[in-house]
Q: 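The structure under discussion is supplied below as structure tokens; questions concerning it will follow.
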Amino acid sequence: MSLERLRQRRGWWLFLMPLVFALALPGGTLAADTKVRLSVRPIGQSGPYFELTMSPGESKTLEVDLANEGSAAMAVATYAADVYTITNGGYGGRLRGEMQTGATIWLGYASEVVELGAGMSSRRAFTVAVPTDTVPGEYISSVVLENDQPVLSSEGMSLGQIVRTAVAVVVTVPGPRFPSLAIGEASHTVVTGRSEVDVELDNGGNVRLRPIANFELFDASGGLVSQSSTALDTIYAHTPTRLAVPLAALLQPGTYHVTLRLADTAQALSVERTDLTFVVAAPVAPGDPGTGPVLTAVNQAPETSIPWPLALVLLGVALLGVALFGLLKYVGRRRSRTGS
């Protein structure tokens with residue numbers, strides 16, 4: 001074989017070998033996503049969750065179906081979790097391994113990991129026992145189902161994903177009902193270049209609420225800056241949350257006042273505050289240490305850095321390419337000297 005033909009073939013190998021080794025090394029293979037479709041279905045209930053009326057000292061046995069509605073078998077984790085109220089109302093469940101308190105302790109539901117085949121379900125029984133010293137009101141917990149191991153994206157570069165689904169267990173202990181909703185302080189933040197006004201809320205009563213929030217924002221001179229009416233989702237009894245009101249633009253530095261009225265006609269509840277105040281600080285100029293916080297928009301740009309597993313693979317490919325180039329160069333010199 002002539003030296004020129006060897007050089008031509010060597011050029012093709014130098015182009016193809018990094019790709020070959022990238023596909024062969026761990027982390028370089030492209031894998032399809034696993035679709036996680038799980039559900040928890042309450043048995044013997046007319047609605048999507050357990051709605052129980054129980055007296056102090058009473059206990060009941062309930063059943064749930066844990067279902068894998070996806071196309072692949074997987075290990076799933078199930079456990080009981082405390083419920084909290086997310087921003088602007090709605091269900092939030094504590095994560096696996098977090099402390100269990102309140103009504104979650106009433107549930108005789110052990111945490112475990114089980115294998116569920118594709119399209120299969122497993123029925124599980126558990127008990128709910130109300131302590132004898134429980135006062136009247138609504139209490140809530142939940143049963144959670146999630147994939148035990150994270151699922152990577154098809155590129156193999158993103159963080160693993162845990163898909164959670166849950167069914168609520170609501171227990172009402174008969175007796176007087178005391179709806180209550182406290183309005184706390186207001187604050188200002190910046191999200192994607194726009195202002196957001198947050199107001200702390202606290203349901204200190206013994207029943208869940210779904211209020212309408214009427215919000216008005218005024219500047220220091222009393223001029224109306226923004227107003228809105230928002231139907232909040234469920235605010236569970238004995239839980240805090242916050243109202244988040246996004247604005248159309250970034251507020252200028254200065255002092256602002258909020259008037260907030262909350263009304264839940266079903267619970268005959270109406271509360272308001274007209275004395276809420278917050279200050280938007282002036283941005284600090286570059287090089288000026290200033291005396292207050294810097295007003296900076298939250299950076300929502302996607303990450304552009306290369307994940308470390310991919311970086312290791314690319315480094316390995318580069319080293320292999322260098323070694324192969326040196327080897328082919330050495331072979332070319334030997335062949336040239338021997339005249340082949």
Side-chain angles (χ1 to χ4, degrees), residues 45-56 58 81-94 101-104 106 128 130-131 133-142 166-189 196-218 222 224-247 256-278:
Q45 299 292 308
S46 58
Y49 59 91
F50 291 100
E51 183 84 46
L52 311 171
T53 299
M54 300 176 65
S55 300
E58 185 180 357
D82 286 11
V83 171
Y84 62 92
T85 302
I86 62 174
T87 299
N88 288 342
Y91 168 85
R94 299 297 176 192
T101 63
T104 306
W106 303 357
V128 178
V130 181
D133 58 350
T134 303
V135 298
E138 291 181 351
Y139 300 87
I140 185 169
S141 183
S142 63
V167 60
V169 181
V170 180
V171 178
T172 298
V173 176
R177 300 167 69 87
F178 301 106
S180 176
L181 188 59
I183 301 175
E185 298 306 311
S187 60
H188 171 264
T189 188
E196 178 181 286
V197 179
D198 299 333
V199 181
E200 298 172 354
L201 305 176
D202 189 5
N203 183 350
N206 64 358
V207 294
R208 78 198 98 159
L209 302 169
R210 298 195 68 172
I212 302 294
N214 290 300
F215 171 91
E216 293 177 321
L217 177 65
F218 302 91
L224 182 64
V225 176
S226 177
Q227 64 180 32
S228 63
S229 181
T230 306
L232 301 184
D233 206 336
T234 303
I235 303 176
Y236 299 103
H238 317 296
T239 67
T241 185
R242 66 188 179 99
L243 169 71
V245 182
L247 304 182
Y256 294 86
H257 307 280
V258 172
T259 293
L260 180 62
R261 299 177 178 86
L262 299 167
D264 185 337
T265 56
Q267 298 294 343
L269 175 72
S270 180
V271 295
E272 72 172 6
R273 278 194 65 176
T274 60
D275 60 342
L276 299 172
T277 301
F278 64 88

Q: Check V167 against Y49 and note the closest heavy-atom contact, atom names and distance.
A: CG2-CA, 3.7 Å

Q: Run the numbers on S229 and I212 for side-chain contact (heavy atoms from CB on, under 4.5 Å), then give the verdict.
A: CA-CA 7 Å; S229 181; I212 302 294; 3.6 Å; yes

Q: Compare every heavy atom of P211 with every heavy atom of D233, then report the nearest pair and how far apart it is.
A: O-CD, 4.5 Å

Q: Under a plain distance cut-off of 3.5 Å, with no hydrogens placed, do T239 and N203 share a side-chain donor-acceptor pair?
A: no

Q: Roughly how far, to the nearest 0.5 Å, is the OG atom of S180 from the CD atom of Q267?
A: 11.5 Å

Q: What distance do Y139 atom OH and T104 atom OG1 have between them, rounded to the nearest 0.5 Å?
A: 13.5 Å

Q: Does atom CD of E272 have more than 12 heavy-atom neighbours from other groups under 6.0 Å away?
A: yes

Q: Rounded to the nearest 0.5 Å, what separation is found between the CD1 atom of I235 and the CG atom of L209?
A: 6.5 Å

Q: Could you please spell out the steps behind the side-chain contact (heavy atoms from CB on, under 4.5 Å) verdict for V197 and F215?
A: CA-CA 10 Å; V197 179; F215 171 91; 4.0 Å; yes

Q: What's the shortest heavy-atom distance between A237 and E138, and which atoms?
A: CB-O, 4.0 Å

Q: Show the nearest heavy-atom pair for residues A166 and Y91, with the distance to one decimal.
A: CB-OH, 3.4 Å

Q: Keeping the roles fixed (side chain from N88, backbone from L232), state whether a donor-acceptor pair exists under 3.5 Å.
A: no

Q: About how many Å separate OG1 of T265 and CZ of R210, when rounded to the nearest 0.5 Å?
A: 11.5 Å

Q: Is a salt bridge present between E200 and R273, judged by a nitrogen-to-oxygen distance below 4.0 Å?
A: no

Q: Quick one, L217 with L247, criterion side-chain contact (heavy atoms from CB on, under 4.5 Å). Give me CA distance, side-chain angles, the key distance, then yes/no.
A: CA-CA 10 Å; L217 177 65; L247 304 182; 3.7 Å; yes

Q: Taking atom OG of S270 and atom CG of L262, what is their separation to the nearest 0.5 Å?
A: 8.0 Å

Q: Enumerate the salt bridge (Lys or Arg N to Asp or Glu O under 4.0 Å) contacts for residues 46-55, please, sequence neighbours excluded, ordered by first and then second residue.
A: E51-R208

Q: Stepwise, does the side-chain contact (heavy atoms from CB on, under 4.5 Å) test hold for W106 with V169?
A: CA-CA 10 Å; W106 303 357; V169 181; over 6 Å; no

Q: Indicate yes or no for a side-chain donor-acceptor contact from T241 to the backbone of L201 under 3.5 Å, with no hydrogens or angles considered.
A: no

Q: Answer whether the closest heavy-atom distance between the side chains of L276 and I183 falls below 4.5 Å.
A: yes

Q: Please answer whether the main-chain N or O of A263 pairs with a side-chain N or O of N214 as donor and acceptor at a distance below 3.5 Å.
A: no

Q: Sequence neighbours excluded, which residues qualify as salt bridge (charged side-chain N to carboxylate O under 4.0 Å, His left out) partners of R94?
A: none

Q: Look up atom NE2 in H238 and atom CG in D202, then write down how far apart they are to the nearest 0.5 Å.
A: 11.0 Å

Q: For the residue pair Y256 and F278, does the interplanar ring angle fall in the parallel (under 30°), tilted (30 to 60°) or perpendicular (over 60°) class?
A: parallel

Q: List the atom of V225, the atom of F218, and the distance in Å for their closest heavy-atom pair.
A: CG2-C, 4.0 Å

Q: Heavy atoms only: give me the nearest V173-P56 pair and the separation to one decimal.
A: CG1-CD, 3.8 Å

